[in-house]
Amino acid sequence: MFKKAVEAKSHQRLSGADRKKLKRTVRDRFPAASDADIDALFPPKAEITVAKFQNRVHVYAVEGGFPMFFDIDGRGTEIYPTVFALWKVPELLPVFMLKGGEVSRFIIGGADLMFPGISVPVQGLPSFLAGETWAVKVPGNPAPIAVGATTMSSAEALKAGLRGKALRITHHYHDVLWQVLLEVESVEGRYVPNAGFFEDVVFEDPALLQSGQASDSCEGSTDVSNGQRNGDDNIEVGENVDVTDVFDEANHASSSSKQIDVDNATAEEIIGGVGDLKVTDNVLSEDLNVQHTLSTEDVDALLDKCLLQALHTTIKDKDLPMPGSTLWANHVLPCRPSGITLDIKKSSHKKLSKWLQAKSSMGLISVKEDKYKKEVMLLSVNRNNVEYSSFKPEKRQVEKNDQISDHAANESRSNKVLDVAEIYKPSVHVNPIFASVGADTGNLYSASEATDIVFKYVEKENLVKPTDRSIVVLDPILCDALFKGAIKKGSRYPTEIHKKDLGAAFISRMQPHHIVTRGSESVVRKGALKAIQILTERRQGNKKVTKLSGMESFLIDAEALASELQKKFACSTSVTELPGKKGHEVLVQGGVIDDLAKHLIEQYGIPKRYIEVLDKTRR
């Protein structure tokens, strides 16, 4: 699940209702969790954030802390605790105990858990059903190393002779999600544990370490960082040191070819630091839940710094005027420091419009409120302002990566150019014409190809009027192909037709189809191509919503488009199935009907004739 790095497409706080819903989901999903366990994982007064990834995975975390749960499908049906959550509440899940430390290296390598690697208790295999969530532990350590879902029930496992896959691992120690745990940074010098602080808790039992025995349950070396140097043995303790190798060599110094003498005080310090680590240690829990609360003055200063950083690096004069919501979502927020959540409501201004107007009164920017859209617009930037000229922007690696990813996304999209073509299939009316010239009646033809077929028949049968070369005389076969069933009873059939009308009349008697091609993907559908419909209407509270449907006809994924529009317009989006129809409807908060149509034309190459726009709010 977390074998490869995936970029989060959004990161936001949960509302009070969503927090309660998440806690209810956790209680229902994990009946063994008590109210105290839930409060330990999600402190009552702490903010909860959700990171949404491109693969639909949602990761829930305490703001300023560590991820606690992740939802595979984003709907709450497959929610799992992280390894760190299991460290805080070890009894949250039932566990499979591995037979030995040698099995753990395969789990940490990303393999699923097989039944032969499980240590079956004396009382027999515990009862479980397929799809249940279980954790994985190594012998002698209460800290789980992985979590996953069972692939079969216990009855099926016994019937299979305890062979095959037991647990599909969704998250394990040292995967990409674990790296997120280790990337939580210290704020204002406050201590946050690093990788070396955690390594030994997972695999090495402190009692075994103190007795000088080390297990081989993990793949690779175990790193300990002490920040000290032992001058006697020339070992830099501040560097990565393999604790297992240190103890093995210390116990076998007489027979080893390499004599390494580790200072007793240093070794005791290392052992003591590892031995003190306990899953239920209150001090560790407090450290891991470091929360950083910014004061109002700090938020104001951070807002100004992010705005100046954005004005220097990402906002160009050619992009102006710019809506305030776009300025906030696409420019100000990306400039905030890593690990910090920036909330305008916690500033002294309370609202985005008041903050921008305050900066305008200081002469840094020029803004104006759009009465129609009821939004503040950024009109210009005073680059001669003292505050602007005195600010030195930071060189941010993230911006460079973002530019590269944006360039790659644009390049990828440009490679998938949309091509729409109307094609036609011969019907029973025109089949004799095709058969007469030797054309296949089962093929699809473009309008020009179909016109060539009928004129080829005219030339073959010599139906051009001798006295007027622009007129075609209709023989019985061609007359039936063009007018049989279309002329009212009692009316006379035409005897001739003008050449300029012959092609259109012939095509109108064929079955219309269309072919849509985007990149290497192509699809042929019966009937005329239906246009994309964009509708804006008002809902309760005088709020505008924009609805988009019919995008599937142009090979556009509704979920991917909704995610893209959420970023572009800095608003919430949702996807629902159309009632009684095939396809989906994308709902965008706000009146963005014109911008949305422009986005479809510029980014997806949708021809204007295939976009129908209806704004009910302007009536």
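No experiment lies behind these values; they were computed from the predicted model shown. Both backbone and side-chain heavy atoms feed into the values below; hydrogens, waters and symmetry mates do not. The chain is numbered in sequence order, starting from 1.
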Can you classify the ring geometry of W355 versus H349 as parallel (below 30°), tilted (30 to 60°) or perpendicular (above 60°)? tilted

Nearest 0.5 Å, what's the CG-OG distance between L129 and S153? 6.5 Å

Could you tell me whether the side chain of R29 and the main chain of I79 form a donor-acceptor pair under 3.5 Å? yes

Nearest heavy-atom pair of P334 and N330: which atoms, and what distance? CG-O, 3.5 Å

Near K543 NZ, under 6.0 Å, is it more than 12 heavy atoms from other residues, nucleotides or ligands? no

To the closest 0.5 Å, what do you measure between CG (L561) and CD (Q566)? 11.5 Å

Between S295 and D298, is there a side-chain donor-acceptor contact under 3.5 Å, judged purely by atom types and distance? yes

For the aromatic rings, using the six-membered ring if either is Trp, is the centroid distance between F96 and F115 under 6.0 Å? no

Mind checking whether Q309 and R336 have side chains closer than 4.5 Å, heavy atoms only? no

Side-chain donor or acceptor of T296 paired with backbone N/O of S347 under 3.5 Å: no

Run V147 and W134 through side chain to side chain contact (heavy atoms under 4.5 Å, CB included) and show every step you take. CA-CA 6 Å; V147 62; W134 281 62; over 6 Å; no

Can you tell me how far CD of E369 sits from OG of S353, rounded to the nearest 0.5 angstrom? 7.0 Å

May I ask you to decide whether K165 forms a salt bridge with D112, counting only side-chain N to carboxylate O separations under 4.0 Å? yes

With side chain to side chain contact (heavy atoms under 4.5 Å, CB included) as the test, would you mind laying out the steps for I118 and L98 before giving the verdict? CA-CA 5 Å; I118 297 177; L98 300 182; 5.5 Å; no

Side chains of D304 and K359 in contact at under 4.5 Å (non-hydrogen atoms): yes

Do you know which two heavy atoms are closest between E585 and L578, and how far apart they sit? CB-CD2, 3.6 Å

Verify the distance criterion only: is there a donor paired with an acceptor across the side chains of T536 and T546 at less than 3.5 Å? yes

Looking at every non-hydrogen atom in both residues, tell me the closest pair between A329 and A570 and how far apart they are. CB-CB, 3.1 Å

Going by heavy atoms in the side chains, are P121 and P126 under 4.5 Å from each other? yes

Taking the side chain as everything from C-beta on, heavy atoms only, tell me whether L167 gets closer than 4.5 Å to V136. yes

Nearest heavy-atom contact between K351 and I344 is C-CG1, 3.8 Å

Just by distance, do the side chain of S361 and the backbone of A358 share a donor-acceptor pair under 3.5 Å? yes

Does M322 reach the side chain of M377, with side-chain heavy atoms less than 4.5 Å apart? no

Value rounded to 0.5 Å, distance of CG in L302 from NZ in K346: 12.5 Å

Run the salt bridge (Lys or Arg N to Asp or Glu O under 4.0 Å) check on K544 and E537 step by step: do they pass? CA-CA 6 Å; K544 294 182 181 180; E537 60 185 11; over 6 Å; no

One pair to check against side-chain hydrogen bond (donor to acceptor under 3.5 Å, both in side chains): D595 and H599. What are the steps and the verdict? CA-CA 6 Å; D595 295 333; H599 181 74; over 6 Å; no

D39, D37, D35 screened by salt bridge (charged side-chain N to carboxylate O under 4.0 Å, His left out) with R27, the one that passes: D35

At their closest point, which heavy atom of P67 faces which heavy atom of T82, and how far apart are they? O-OG1, 2.9 Å

Stepwise side-chain hydrogen bond (donor to acceptor under 3.5 Å, both in side chains) check, T25 with D28: CA-CA 5 Å; T25 302; D28 296 340; 5.8 Å; no

When every non-hydrogen atom of V586 is compared with those of A558, the smallest separation belongs to CG2-O, 3.8 Å

Measure the CG-CG distance between L356 and L327 for me, rounded to the nearest 0.5 Å. 6.0 Å

Contact between D175 and V83 at the side-chain level, heavy atoms closer than 4.5 Å - yes or no? no

dist K20:NZ -> L14:CG (nearest 0.5 Å) comes out at 13.0 Å

Answer with yes or no after comparing the ring centroid distance for F391 and H312 against a 6.0 Å cut-off, counting only values under it. yes

Close aromatic pair by centroid cut-off 6.0 Å: H171 and Y80: no

Please determine whether side chain to side chain contact (heavy atoms under 4.5 Å, CB included) holds for the pair H172 and I145, giving the CA-CA distance in whole Å, both sets of side-chain angles, and the decisive distance to 0.1 Å. CA-CA 6 Å; H172 59 80; I145 64 170; over 6 Å; no

If you count the non-hydrogen atoms of other residues, nucleotides and ligands that lie under 6.0 Å from CD in E577, is the total more than 12? no

Worked check of side chain to side chain contact (heavy atoms under 4.5 Å, CB included) between T49 and Q12: CA-CA 6 Å; T49 61; Q12 61 192 39; over 6 Å; no

Between E394 and K305, does any side-chain N to carboxylate O distance fall below 4.0 Å? yes

Assess whether salt bridge (Lys or Arg N to Asp or Glu O under 4.0 Å) is satisfied between R56 and D71, documenting all intermediate values. CA-CA 8 Å; R56 298 185 180 181; D71 189 353; over 6 Å; no

Ring centroids only, cut at 6.0 angstrom: are F42 and F69 within range, meaning strictly under it? yes

Min side-chain heavy-atom separation L548-V588 under 4.5 Å: no

Is a side-chain donor or acceptor of T573 paired with a backbone partner of L565 at a separation under 3.5 angstrom? no

Do the side chains of I169 and F106 get nearer than 4.5 Å, heavy atoms only? no

